[in-house]
Amino acid sequence: MSQTFSIRPEHAADNDTILNLQMAAFGPGAAARAAFRVREQAPHDPALSFVLSDGGAILGSVRQTHILIGETAGLLLGPLVVEPGHKNNGYGRALVRRALEAAKEAGERFVILVGDAPYYGPQGFDKCVGGRVKMPAPVDPMRLLVAELEPGVAAGLSGTVAGVAPEISALRGTKVP
């Protein structure tokens, strides 16, 4: 991993580059995946989404979308993408660390994602307990992971993940009308 890389919040001008990275990573069938169904319900939050650049070129991106699981507000992390020629350099892990830090700083209670436990586990993610959390499309329950930013919050999560506008997510811990 280069020591000259930098991570910054996503800007609107980054969108085409990020979409190209996503297409290279996931292909044209990505929109059929469960997590993308959630992302269709609400836009990601650019203030909690980041790009990694090295030498001025964007080499990776991570986005976060505000969600509700039942009445509990949190974030959905992803997609996490790294330019194929730069994988296995630690860029993805650095982006996830920064995204989790920003989520915690923003007062979020948890972050979920659909991904591989061996990769995300060392970064604080664990399997959602008890099968009480559902995605709006089929997903392997072993790949539905949660990082608690507030200890114990995962035990109370129950319901279907739904994307929401950031102002709804700001109602953290309150009943949604």
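Keep in mind that this is a model prediction, so the values were computed, not measured.
- With a 4.5 Å cut-off on side-chain heavy atoms, I18 and R63 count as touching.
- In this structure, the side chains of L76 and Q64 stay at 4.5 Å or more apart for every pair of heavy atoms.
- Looking at L80 and L113, their side chains never come closer than 4.5 Å, going by heavy atoms from C-beta outward.
- The pair E101-K104 does not meet the salt-bridge criterion, since no charged nitrogen lies less than 4.0 angstrom from a carboxylate oxygen.
- Considering only heavy atoms from C-beta on, E148 stays 4.5 Å or farther from D126 through its side chain.
- Interatomic distance, L59 CG to T17 OG1, rounded to the nearest 0.5 Å: 10.5 Å.
- Residues C128 and V146 approach most closely at SG-CB, 3.9 Å, considering heavy atoms.
- Looking at every heavy atom in both residues, R132 comes nearest to G156 through NH2-N, 4.1 Å.
- Between V62 and A99, the shortest heavy-atom distance links the atoms CG1-CB, 4.0 Å.
- Between the side chain of D140 and the main chain of M142, a donor-acceptor pair closer than 3.5 Å is present.
- The two residues L144 and V133 come nearest to each other via the heavy atoms CD2-O, 3.5 Å.
- Atoms CD1 and CZ, on I7 and R98 in that order, are 8.0 Å from each other to the nearest 0.5 Å.
- Side-chain contact check for V161 versus K134: every heavy-atom pair is 4.5 Å or farther apart.
- Distance OH/Y119 to CG/L145: 12.5 Å, rounded to 0.5 Å.
- Linking Ile, Leu, Val, Met, Phe, Trp and Tyr residues whenever their side-chain heavy atoms come within less than 4.5 Å leaves L19 and V38 in two separate clusters.
- Remark: side-chain polar atoms of Q41 are paired, donor with acceptor, to backbone N or O of G163 under 3.5 angstrom.
- Side chain of Y91 to backbone of V81: no donor-acceptor contact under 3.5 angstrom is found.
- Note that CG of D16 and CG of L21 are 11.0 Å apart. Values are rounded to the nearest 0.5 Å.
- Note that OG of S61 is 11.5 Å distant from CG of N20, once rounded to the nearest 0.5 Å.
- No donor-acceptor pair closer than 3.5 Å links the side chain of E10 to the backbone N or O of P46.
- The shortest non-hydrogen separation linking L52 to A94 is CD1-CB, 4.5 Å.
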- Walk me through it: do L100 and F125 pass the test side-chain contact (heavy atoms from CB on, under 4.5 Å)? CA-CA 10 Å; L100 289 175; F125 287 86; 3.8 Å; yes
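- Residues T160 and M135 have side chains not in contact (no heavy-atom distance under 4.5 Å, counting atoms from C-beta outward).
- Within the 4.5 Å cutoff, no side-chain heavy atoms of R109 are placed close to those of L149.
- S53 and G56 get closest at one heavy-atom pair: CB-C, 4.3 Å.
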- Query: Passes side-chain contact (heavy atoms from CB on, under 4.5 Å), H66 versus L48? Steps please.
  - Reply: CA-CA 10 Å; H66 293 273; L48 297 174; 4.0 Å; yes
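- Within the 4.5 Å cutoff, the side chain of R8 has heavy atoms near those of the D14 side chain.
- Note that CD1 of I67 is 4.0 Å distant from CD1 of I112, once rounded to the nearest 0.5 Å.
- Taking a 6.0 Å sphere around CG of N88, one finds it holds 12 or fewer heavy atoms contributed by other residues, nucleotides or ligands.
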